[in-house]
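Have a look at the structure below before the remarks.
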Amino acid sequence: GQIVLIEGEVGLGKTRLAIWLKEVLEERGRVRGHIGVTARSAGEGLRGVQEIVESIFRVRGLSGKTLATRLRRKFSDWEDGGGEDAEVDALASFLRPASEDRRKHFGAQRLYATILRTLESASRAQPRLLVLDDVHWGGAQIVELLETMAAEFRHRSMPILVVATMQSEEFVARPEFRRALRALSRY
């Protein structure tokens with residue numbers, strides 16, 4: 001797997017470039033692409049990742065038992081042994097949290113590991129291109145997830161390309177965020 005960061009000014013065309021790449025690779029049958037937009041509001045640092053997971057499982061708008069059934073069925077289709085009850089519960093809670101407390105119950109690292117296993121299973125069925133737009137709004141959560149992904153990509157072969165876009169102004173205005181994202185290059 002690889003992570004590519006596209007940084008530029010507002011309106012420069014970062015998102016258009018990422019979407020163009022997704023469309024070209026999908027048209028050629030090379031990948032299955034998914035797009036998620038990071039929300040600006042507090043507590044929504046992984047919203048773009050939620051959108052990507054919803055797209056992978058095709059569960060937008062589903063909830064409850066229907067959501068869990070679809071998650072289990074998709075894992076079963078991939079035939080890789082994933083989709084254990086704990087993973088399905090963690091993903092269902094991530095996608096449709098009953099409350100912020102319930103999301104915290106699973107723990108960040110456990111959630112990131114579950115997301116990564118999900119992406120790995122999906123990429124075995126077909127290589128994936130994940131477009132995460134406006135990651136600068138995601139704060140520490142998105143940085144932690146990207147760090148986890150980068151570390152795992154170094155040790156495990158996964159046909160996944162993550163293309164993340166961010167605004168230069170936010171990159172400059174938040175030095176701690178800038179340092180954390182630049183540290184990804186060590187992987």
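Side chains included, hydrogens not; waters and symmetry mates left out as well; all remaining heavy atoms used.
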So how far is it from K14 NZ to I6 CD1, rounded to the nearest 0.5 Å? 9.0 Å

For S123 and R128, work out which heavy atoms get closest and say how close. CA-CG, 3.9 Å

To the nearest 0.5 Å, what is the distance between CG (L95) and CG (L67)? 6.0 Å

So which atom in A180 and which in V143 form the shortest heavy-atom distance, rounded to 0.1 Å? CB-CG1, 3.4 Å

Given 3.5 Å as the limit, does a donor-acceptor pair link the side chain of T118 with the main chain of T114, or not? yes

Contacts of I19 meeting side chain to side chain contact (heavy atoms under 4.5 Å, CB included) (sequence neighbours excluded), chain-then-number -> T15, E23, I35

List the residues meeting side chain to side chain contact (heavy atoms under 4.5 Å, CB included) with Q2, not counting sequence neighbours, and say none if there are none. L161

Kindly write out the residues that satisfy side chain to side chain donor-acceptor pair (under 3.5 Å) with R32, not counting sequence neighbours, or none if the list is empty. none

Do you know which two heavy atoms are closest between I56 and A122, and how far apart they sit? CG2-CB, 3.9 Å

Between atom CZ of R30 and atom CG of L129, what is the distance when rounded to the nearest 0.5 Å? 13.5 Å

Check step by step if side chain to side chain contact (heavy atoms under 4.5 Å, CB included) holds for T148 and I115. CA-CA 10 Å; T148 300; I115 291 169; over 6 Å; no

Taking everything shown except R28 itself, do over 12 heavy atoms lie less than 6.0 Å from its CZ? no

Where do I52 and G36 come nearest, in terms of heavy atoms and distance? CG1-N, 3.7 Å

Is there a path from Y112 to F94 through hydrophobic residues (I, L, V, M, F, W, Y) whose side chains come within less than 4.5 Å of each other? yes

Roughly how far, to the nearest 0.5 Å, is CG of D133 from OG1 of T38? 7.0 Å

Separation between NZ of K22 and CG of L130, rounded to the nearest 0.5 Å: 11.0 Å

Rounded to the nearest 0.5 Å, what separates atom CG in L146 from atom CD in Q141? 11.5 Å

Taking everything shown except R58 itself, do over 12 heavy atoms lie less than 6.0 Å from its CZ? no

Among E152, E84, E87, exactly one meets side chain to side chain donor-acceptor pair (under 3.5 Å) together with R117. Which residue is that? E87

Ion pair check, R70 and E54, cut-off under 4.0 Å: no

Under 3.5 Å donor-acceptor, Q167 side chain and H136 backbone: no

Under the 3.5 angstrom rule, does the side chain of T69 hit a backbone N or O of K65 as a donor-acceptor pair? yes

Using the side chain to side chain contact (heavy atoms under 4.5 Å, CB included) rule, take L119 and M158 through it: C-alpha gap first, then chi angles, then the decisive distance, then the call. CA-CA 9 Å; L119 295 174; M158 290 181 242; 5.7 Å; no

